[in-house]
Amino acid sequence: MKYLAIFLVVAVVAVFANLVHESKMLSYLSSDPKVCITCHTMNTHYDTWQHSSHRNRATCVDCHLPRDSFVNKMLAKARDGYHHSLAMTLKTYGPNLRISNDAARRIQDNCISCHRETVSQMLTNSALYDKVEDGRVQMGRPCWQCHRDVPHGTMRNLMATQNNFINKVL
Amino acid sequence: SIKENKAEQQAINAVPGIKDNETRASEWGKNYPRQYDTYMQTRKSEDITDVLKQDPALVVMWAGYPFSKDYNKPRGHYYALEDNINTLRTGAPVDKITGPLPTACWTCKSPDVPRLMKRDGELEFFTGKWAKYGDEVVNTIGCGDCHDNQTMKLTLTREYLKRGLDAEGSLKTADATHQDMRSLVCAQCHSEYYFKKTEWDDKGTKKTAMVVTFPWNKGFAAEKMEAYYDELNFSDWTHQLSKTPMLKAQHPDYETFVTGVHSRNGLACADCHMPYVREGGVKYSSHKVGSPLDNIANTCLNCHKGTEKEFRATIDKKLARKNELAKIASDVLAKAHLEAAKAWEAGATEEEMKAALQDIRHGQWRWDYAVAGHGAFFHAPEEILRTLGGSINLGQDARLKIRIVLAKHNAVDYVAPDFSTKEKAQALVGMDYGKLVEEKKTFLNGLRQEWIKQGEAKGIYDPESRKDMKLKTSYN
Amino acid sequence: SIKENKAEQQAINAVPGIKDNETRASEWGKNYPRQYDTYMQTRKSEDITDVLKQDPALVVMWAGYPFSKDYNKPRGHYYALEDNINTLRTGAPVDKITGPLPTACWTCKSPDVPRLMKRDGELEFFTGKWAKYGDEVVNTIGCGDCHDNQTMKLTLTREYLKRGLDAEGSLKTADATHQDMRSLVCAQCHSEYYFKKTEWDDKGTKKTAMVVTFPWNKGFAAEKMEAYYDELNFSDWTHQLSKTPMLKAQHPDYETFVTGVHSRNGLACADCHMPYVREGGVKYSSHKVGSPLDNIANTCLNCHKGTEKEFRATIDKKLARKNELAKIASDVLAKAHLEAAKAWEAGATEEEMKAALQDIRHGQWRWDYAVAGHGAFFHAPEEILRTLGGSINLGQDARLKIRIVLAKHNAVDYVAPDFSTKEKAQALVGMDYGKLVEEKKTFLNGLRQEWIKQGEAKGIYDPESRKDMKLKTSYN
Ligand SMILES: [Ca+2]
Ligand SMILES: [Ca+2]
């Protein structure tokens, strides 16, 4: 039992170290979008973003991480980083990733924080109602229900960006 | 610049100061100039398209019912009241109690209606003839139809919609979200209705109200409403030629929309018909409710890739498909009525005709359900084509049955007469069109002018709301 | 793991080494194990769904034509050859020259077909009876049907498709892009065809070929093909009951697909039926051609938001709409045939019947066009519903005309007999079903076994291609 415990601890540490090494995990602390594509699962999203109107306007973390405080940002980063690494290692993800509720909320907050002027009337409108369509996000309706292409386009299968980051067998 | 934007934003958030029961849009507009300006632009949709001319079969199909006199495609909200008053359907009353139509015909034309419902009570509002309120319903569809004057919240000003939704059950009024409200304000008017005869007691006096009611208890589909009406043994009128107890479908826009792909993807009417537009740094809702095709860039292309040309082509194709089946159905049904008339003439019995008339009733109902919502070919193309397929089948079934009856009464070779123009069709059903027009003109120059003056005198009428109005009708 | 992925990304692109005229998939598969494995999984779609049982009206509608004997929903490509040989449609030949069907019936079942076309010439291939090539067409649909053995490029192995495309004109063969090819390889088989009687001269001997031909010269729509056939005065057979010169539509999958929203948005068949799948860091096309609904997550959800359940519900709704109109149409048309038969019996003249028979021809063609492509209810729902609406109308028009003829011949009250089960319907058309099955079984235990042996002897037959094959038919 004792050996098993020690073995397990060592195994977990080893797996983690390997993970840290292989996935360049420490680089997650940066906000360079290239960091995200240390995993090929993020290639499609990188690629679509890179071809989008937001390429020069917002980086991954500008949308995906909280921008209200540094602490929240780092906490979210740690949580996501852990979650994504685990999914990557265990291959629990499918061909189409889906935004989590928590992440959706963060993104919407970020859209609004950059575009507050533009959407001020919408915010005023929505403030009148308690019952909204999509409780996950501020305003009750995701911006990307209308702005469907911002910034990843509508087709986001992990294999959708032809030949760029993944090889097709022939 | 950013500075400008901030200023504009403050203006838009000004606290409203709109009186209770204010029905004049220009008064609301003082606080909301952008919304008012765009709202006033609904007058740009001013052309009259005479549907009876486009498909004269309709005159035959509606014989004995006001729609056979005059029926046009919808124009902008700016014209709602005007068209209601000008149409030959509302006839030529000479005082407050002459018909032909009931007060209910004002229901969807003006914010004066919720005002009157509040003042007189809903049942009193629905009692009496249309002319009763000619000097009270004086402003066309306006802010008060959709907004709360205190908060500007979207609000349902018609109780019958709430009753309809609750009876149908898939979206209870109490559960409506913000996004739902962006459709439901439209559903107050853009829905199929009938007038439910309701006896009531006005402090001892027995009165009869004709209450606008949505036939939704069994569901929104054509078959479900049909079952509802059949169960009540309801009919809008008895057909002049075929003697069928008929149903009339009016604009089931909301009911059909919910079956379509856009509704299933969470869109609301306002998303396409009142898209956000940007002025300076701020987005607001365009109140120019009209064809989204006037502004494809802000509607379709906001969500879809492609060019305006492609979207127009797609929509044209959908329209052509609907028109193809609708034309077949109306031709079949008009013939069915004429053939039934011949059968009666040849001596057919009620017993012989019963099954055929039931088919006509159901077949024409389905056709009407499919075409009366002018946008349904786009909102719900599959549901519309399915319904038209059923309509054609029932119409032809009726004709088969009638043909057997004709054979038994020695008229197997009967060929229905030509109804290929509006004039021919009107002659067929014996309508004195010239007289209708004359009477109408007398009314328009007489009583109608009184109404305007009285509205003005009462201080409820908004002259702005008819600024530069030109008389456009199908008959002038 | 992450390390593995990197390795896998490199371990790819082996050089192919496939012999010319190799038709055995297992041989190709040695180089492409992933594609081969998924390809072999088409055998998982093994259930037989007897369409004649589902809608017995079809037996009446096809009376006198092989389809009335046996017609099932498609299964996986693994079964293409097997089903072709097992169906009662191909009958029970006893040697190379007994019928009933021509060689053309092999055309879309095997990569041995392009091999034989190359070896014997296209016209010789299309000459003679089906049994002629029983010992040569031995492998089911395989790599050689869609791929070039040298380069693995997608390639069109059937000349008649190229001729069809060029005649139609909207996409000339020479202009086909890679994405187009991802549909066109399917269009080689998944298209409406007829056998064009073609006299040819084989070094002095006059021969008659039945050449698979796509009726596309005037366009892809039901009406366009109908006009093509009418102009040629072509008919597939004369109806046993109504004596109508009939048309049969076979799976116009490609022609209807192009009218749909997915085609207009640039999708190809392979996008949904052969989606890319990922194994580690490597992606390839799933060769398990089957229902995309088996893998919604990797097909629909690549482009759409929503859940599997929602997508299933959407598709069910579309299917139900199609089924509703299709059922009406088949009922109407079957009755039309039976009523026409009665009219002939009662003494009707050709002159009297002509117009009605033309309606039956056109009505049934449209119905068939709409339903013979089993995926069209989804690929092109609006076009399908439109076509069915037209079909119902024409079928009923025919019945109306026939009813007048019946009246003239004192049979106005005729009621078509019951065809509500496959057995009743077969009895109605006087089919000796038991005998057909007996003969078929004799054939399957006799000549058919010979074919396998001879294929093996010639070294062209791939036993892997029928590994664990179980005999499944509608009749056993
Ligand atoms: Ca109605
Ligand atoms: Ca054919």
Side-chain angles (χ1 to χ4, degrees), chain A residues 14-25 27 37-45 48 84-99 104 133-134 136 141-142 144-149 152-170, chain C residues 1-16 28 31-38 147-148 150-154 178-179 182 262 265-267 271-272 274-287 295-308 311:
Chain A
V15 166
F16 188 72
N18 179 49
L19 202 65
V20 169
H21 177 69
E22 283 292 335
S23 66
K24 310 195 187 85
M25 192 183 273
S27 62
I37 51 165
T38 50
C39 290
H40 64 78
T41 28
M42 295 293 106
N43 286 347
T44 294
H45 301 86
T48 48
H84 296 183
S85 307
L86 204 66
M88 188 74 207
T89 308
L90 302 177
K91 293 195 174 160
T92 53
Y93 56 92
N96 289 293
L97 309 182
R98 283 292 184 262
I99 202 74
E133 213 66 17
D134 185 344
R136 298 177 305 170
R141 191 178 188 193
W144 52 94
Q145 189 177 19
C146 293
H147 301 285
R148 291 205 293 174
D149 286 338
H152 297 300
T154 39
M155 191 167 166
R156 265 167 277 157
N157 181 295
L158 295 187
M159 289 156 290
T161 37
Q162 285 281 350
N163 308 330
N164 280 357
F165 296 101
I166 198 164
N167 288 299
K168 196 180 151 194
V169 259
L170 186 109
Chain C
S1 84
I2 292 163
K3 212 169 201 171
E4 262 169 33
N5 289 349
K6 287 183 191 159
E8 280 182 53
Q9 287 198 5
Q10 280 148 20
I12 37 164
N13 294 346
V15 187
W28 296 57
N31 300 286
Y32 307 106
R34 291 184 178 84
Q35 286 81 2
Y36 180 69
D37 285 352
T38 47
H147 289 283
D148 182 289
Q150 299 287 338
T151 60
M152 286 310 286
K153 259 177 89 161
L154 292 178
H178 179 216
Q179 178 69 354
R182 289 162 50 87
H262 286 103
N265 279 278
L267 271 75
D271 284 323
C272 294
M274 301 183 66
Y276 291 124
V277 290
R278 184 187 41 162
E279 257 169 37
V282 141
K283 78 168 169 180
Y284 63 96
S285 306
S286 165
H287 279 59
N295 192 0
I296 291 181
N298 206 24
T299 52
C300 320
L301 301 187
N302 284 352
C303 301
H304 294 281
K305 286 191 189 141
T307 62
E308 289 206 12
F311 278 87

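Quick note on labels: first sequence line is chain A, next is B, and so on, each numbered from 1.
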Margin query: What's the separation between atom NZ in Lys305(C) and atom CD1 in Ile99(A), rounded to the nearest 0.5 Å?
Written below: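 Here the rounded value is 9.5 Å.
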Check: By side chain to side chain donor-acceptor pair (under 3.5 Å), which residues pair with Asn295(C), not counting sequence neighbours?
Finding: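 Side chain to side chain donor-acceptor pair (under 3.5 Å) check on Asn295(C) returns nothing, list empty.
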Next item on the list: State which residues pass side chain to side chain donor-acceptor pair (under 3.5 Å) with Arg156(A); sequence neighbours excluded, sorted by chain then number.
Entry: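 So Arg156(A) forms no side chain to side chain donor-acceptor pair (under 3.5 Å) with any residue.
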Check: So what's closer than 4.5 Å to chain C heavy atoms on Arg98(A): side chain, backbone, both or neither?
Finding: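 Looking at Arg98(A), just its side chain touches chain C.
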Margin query: Keeping Asn96(A) on the side-chain end and Ala297(C) on the backbone end, is there a donor-acceptor pair under 3.5 Å?
Written below: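 The answer is yes, because a donor-acceptor pair under 3.5 Å joins these two groups.
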Check: Looking at Cys303(C) and Met155(A), what are the two nearest heavy atoms and their distance?
Finding: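 Looking at all heavy atoms of both residues, the shortest contact is SG-SD, 3.7 Å.
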Next item on the list: Test side chain to side chain contact (heavy atoms under 4.5 Å, CB included) on Leu158(A) and Lys283(C) and set out the steps.
Entry: CA-CA 10 Å; Leu158(A) 295 187; Lys283(C) 78 168 169 180; over 6 Å; no
